[in-house]
Amino acid sequence: MTPDELLRAELTRVAIAIGAPDSVAPVLERPRDPAHGDWATNLAMTLAKPLGRKPREIAEALVAKLDLAAAGVAATEIAGPGFINFRLDSGANARGLANILALGATFGRTDVGKGAPVNVEFVSANPTGPLHVGHGRQAALGDAISALLEGAGYRVTREFYYNDAGVQIENLAKSLWVRVAQAAGIEVQIPEGGYNGEYIRELAERFLSESGAPPSSALLAGAEAIAAGSAPADAALFDTMRRFAVAALRAEQDLDLRAFGVAFNVYYLESSLYTDGRVEETVDMLRKGGHTFEEEGALWLRTTDFGDDKDRVMRKRDGTFTYFVPDVAYHVTKWQRGFTRAINVQGADHHGTTARVRAGLQALEVGVPKGYPEYVLHQMVTVVRGGEEVKISKRAGSYVTVRDLIDEVGRDAVRYFFLMRKGDSQLVFDVDLARSQSEENPVYYIQMAHARLSGIFRVGEIDPATIIADGVQWDALAEDAERELVKSLLDYPRLVAGAADALEPHRVAAYLLETARQVHLWYHKHHVLGEPEHILRARLVLAKAARQVLANGLALLGINAPERM
RNA sequence: GCGCGAGUAGCUCAGCUGGAUAGAGCGUCGGCCUCCGGAGCCGAAGGUCGUGGGUUCGAAUCCCGCCUCGCGCACCA
């Protein structure tokens, strides 16, 4: 039990003793001002109404009955409108360090998830080009959220949904066709909605060298068809190109993800929803449910019955389905595969789809909960280099890829920068800052704190494994800098639990930066090696505990914790 | 026009799901230091939390209106 858990238990007992309901759950918080003690509770204020007594009076009654020794409290104080402040007895906080050493890499883990299966879907890029910075933010977010949920006791499946069917893929295949035709000397332009990127030209070259040059008559006919807005007549050749392009770009994206250190458990192909009949099946079910209607030659779903702001087309006039249908079919599989929670990490530019996917799932009436799936939406990323924004132009096909960033600043920095802001705010990625080897760079600063702590053991030729908490004089950790550091370290589990609950990894990033700051402060002010034995031992425990917490937090974010830099 | 998000110190951002005198880094100003590991340490100035109402013991946080910016509003994903 950590000191605050002990105190909470004692408060609960006393509250019930003075007449509070058995369900009472005292909330302890860290006072902003350290002068107010180690912990504070507003319990007396929340009990004022149910007990019909004044807050300060209740506070006094509570304090009078409190078993200070059992709760590890040295002093209490009633303040303001009815806060009770607690100062733990000397060393009570520090004793919590033993807990950190005992739990090691599992310090900060909880079991609120109770092994429930959660599906976290992220990146899910169309295989129509390399991963760009937006995907990078998503990869970092999705992976960190997954790690947070695992730490909270959920069984997490990381899933990538490939939109390898539909109009975008059609455009991709046409773009490749055009580049191949151009290589054969045919004059034709990339069609409206096509892909202009240089990578398509490279793809065309690879296609030619691997598959050989197609007959130019077929290429010309196809190019004319594309220019006229339709598909090439040579369906077999067109299909070959489509497959080639999708396979090649998927392989590229896999390399990007590997470079970023992100691994998925499941790659789900949109095309499989068509081949195994789930799309048709979904449409049938929706029709039977009576929520569809036909208008202007299209088949619609009345999503407005389920909270969407307008009805949606399911089957277009040309007989093909909109992306929305496979999307719904796909999410049904998540539910059917047993995921009681499904979390989708997406760019905020997709927020329009959330209401209709949920509406579609409700319309199916197969027992999917209303808020399913959950969405974590993130705002845009802008890249700044040399103090200027790097312009991203989709039309010209020029943008900053994830791989560019990783090559330039390293995986750890990319991860941290994508995670240091909350998803709701727009993110500025300062390339120069990310690559700088100075303490202004937050990643460097945090990793440096870990390396410094490691350095103490290395320089002192002490094996950290031999450092144990037994017999340590806890009140030897009496300096302000170390008392504050100890408090921060013990706060870690609460912090992580909150971050997991809110699906907000940036809290961990901010915590690590603050804790690293305290480590540096302590390190500069106080020596470890060469101190008297009892201080040396206590500080080695602190150093080991701090190193552990930094390492645990960095691991959640997918960032290395180096021993030396 | 409608929906979602943002607006907090000169700049970049936190603010633990409603708590006490709103915090950190950078920058500015003043003073030290050169020490296990590389400009570090101490202090200061700097705020009508976009704005106007409301809810209550108590609001940056919750509700309503307005302003500014971003994103979306396809039979594209």
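Source: prediction; values computed, not measured. In what follows, chains are A, B, ... by sequence order, proteins preceding strands, each numbered from 1.
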Please determine, for B:C62, whether a Watson-Crick or G-U wobble partner exists with both distances under 3.5 Å, and give it or none. B:G54

Without decimals, in angstroms, what is the distance between A:Arg56 CZ and B:C57 P? 17 Å

Would you say A:His351 stacks on B:G72, if stacking means ring centres under 5.5 Å apart and planes within less than 30 degrees? no

Rounding to an integer number of Å, can you tell me how far A:Phe321 CZ sits from B:C76 P? 13 Å

Does the structure show a Watson-Crick or G-U wobble partner for B:A39, both distances under 3.5 Å? Name it, or say none. none

Listed nucleotide nearest any side-chain atom of A:Gln168, set B:G19, B:C76, B:C16: B:C76

Please give the nucleotide sitting opposite B:G25 as a Watson-Crick or G-U wobble pair, both distances under 3.5 Å, or none. B:C11

Please report, rounded to the nearest Å, how far the C1' atom of B:A74 is from the CG atom of A:Asp311. 15 Å

Could you check which of B:G19, B:C75, B:C71 has an atom nearest any side-chain atom of A:Trp300? B:C75

Watson-Crick or G-U wobble mate for B:C49, both contacts under 3.5 Å: none

Could you tell me how far B:U55 sits from B:A74 if I compare only their P atoms? Round to whole Å. 40 Å

Per A:Asp424 side chain, nearest of listed nucleotides B:C57, B:G70, B:A6: B:A6

Report yes if a side-chain nitrogen or oxygen of A:Lys422 is closer than 4.0 Å to either non-bridging phosphate oxygen (OP1 or OP2) of B:A6; otherwise report no. no

Between A:Phe83 and B:G19, do the rings stack, that is, sit under 5.5 Å apart with planes less than 30° off each other? no

With nearest nucleotide decided by heavy atoms, which residue, A:Ala40 or A:Lys310, maps closer to the 5′ end of RNA chain B? A:Ala40

Using whole Å, report how far CD of A:Glu192 lies from P of B:A74. 17 Å

Using a 4.0 Å heavy-atom cut-off across all strands, classify A:Asp164 as base, sugar-phosphate, or nothing. nothing

B:A20 to B:U28 separation - P atoms, rounded to the nearest Å: 32 Å

Can you tell me the base-pairing partner of B:C33? Count Watson-Crick or G-U wobble geometry only, both distances below 3.5 Å, and say none if there is no partner. none

C1' gap between B:G52 and B:C16, integer Å: 30 Å

Starting at atom CG of A:Asp349, determine the distance to atom C1' of B:A74, rounded to an integer number of angstrom. 14 Å

Residue pair A:His135 / A:Asp256, side-chain donor-acceptor N/O under 3.5 Å: no

Salt-bridge present (A:Arg287, A:Glu294; N to O < 4.0 Å): yes

Kindly state each residue pair satisfying side-chain hydrogen bond (donor to acceptor under 3.5 Å, both in side chains) with at least one member in residues 525-539 of chain A, sequence neighbours excluded. A:Glu482-A:Arg539

Anti/syn call for B:U17, syn if |chi| within 90°: syn

Between A:Asp491 and A:Lys487, does any side-chain N to carboxylate O distance fall below 4.0 Å? no

P gap between B:C42 and B:C26, integer Å: 11 Å

When all nucleic acid strands are considered with a 4.0 Å heavy-atom cut-off, which category describes A:Ala502: base, sugar-phosphate, or nothing? base

Are A:His506 and B:G15 close enough that a side-chain N or O sits under 4.0 Å from OP1 or OP2? yes

Take the protein atom CD1 of A:Ile84 and the nucleotide atom P of B:A20, then report the distance between them rounded to whole Å. 17 Å

Whole Å only: how far is the CG atom of A:Asp430 from the C1' atom of B:C13? 14 Å

Is A:Arg421 close enough to B:C13 that one of its side-chain N or O atoms is under 4.0 Å from OP1 or OP2 there? yes

Between A:Phe293 and A:Trp300, how do the two ring planes meet: parallel, tilted or perpendicular, split at 30° and 60°? parallel

Taking the inter-plane angle between the rings of A:Phe160 and A:Phe264 on a 0 to 90° scale, is it parallel (under 30°), tilted (30 to 60°) or perpendicular (over 60°)? perpendicular

Out of B:A20, B:A14, B:C75, whichever nucleotide has its closest atom nearest the side chain of A:His36: B:A20

Rounded to whole Å, the CG-C1' distance (A:Leu503 to B:C16) equals 15 Å

Base versus backbone protein contacts along nucleotides 24-39 of chain B [heavy-atom cut-off under 4.0 Å; B, S, -]: SS---------SBBB-

Think A:Ser425 has a side-chain N or O under 4.0 angstrom from the OP1 or OP2 of B:G7? no

Between the base of B:A20 and the side chain of A:Asn42, is one N or O donor paired with an acceptor at under 3.5 angstrom? no

The Watson-Crick or G-U wobble partner of B:C71, with both key distances under 3.5 Å, is B:G3

So, is the end of the A:Arg341 side chain (NZ or CZ) under 6.0 Å from the ring centre of A:Tyr372 and within 45° of the ring's axis? no

Across all chains, not counting sequence neighbours, the side chain to side chain donor-acceptor pair (under 3.5 Å) partners of A:Arg415 are A:Asp143

Using a 4.0 Å heavy-atom cut-off, does A:Leu513 contact any base of the nucleic acid, only the sugar-phosphate backbone, or nothing at all? nothing

At 4.0 Å (heavy atoms only), tell me whether A:Met420 reaches a base, stays on the sugar-phosphate, or touches nothing. nothing

For a salt bridge (Lys or Arg N to Asp or Glu O under 4.0 Å) check, start with the C-alpha distance between A:Arg87 and A:Glu77, then their side-chain angles and the critical distance, and finish with the verdict. CA-CA 9 Å; A:Arg87 187 174 309 281; A:Glu77 174 195 26; 5.6 Å; no

Using atom C1' in both nucleotides, what's the gap between B:A6 and B:C49 to the nearest angstrom? 14 Å

Aromatic plane relationship, A:Phe107 with A:Tyr492 - under 30° parallel, 30 to 60° tilted, over 60° perpendicular: parallel

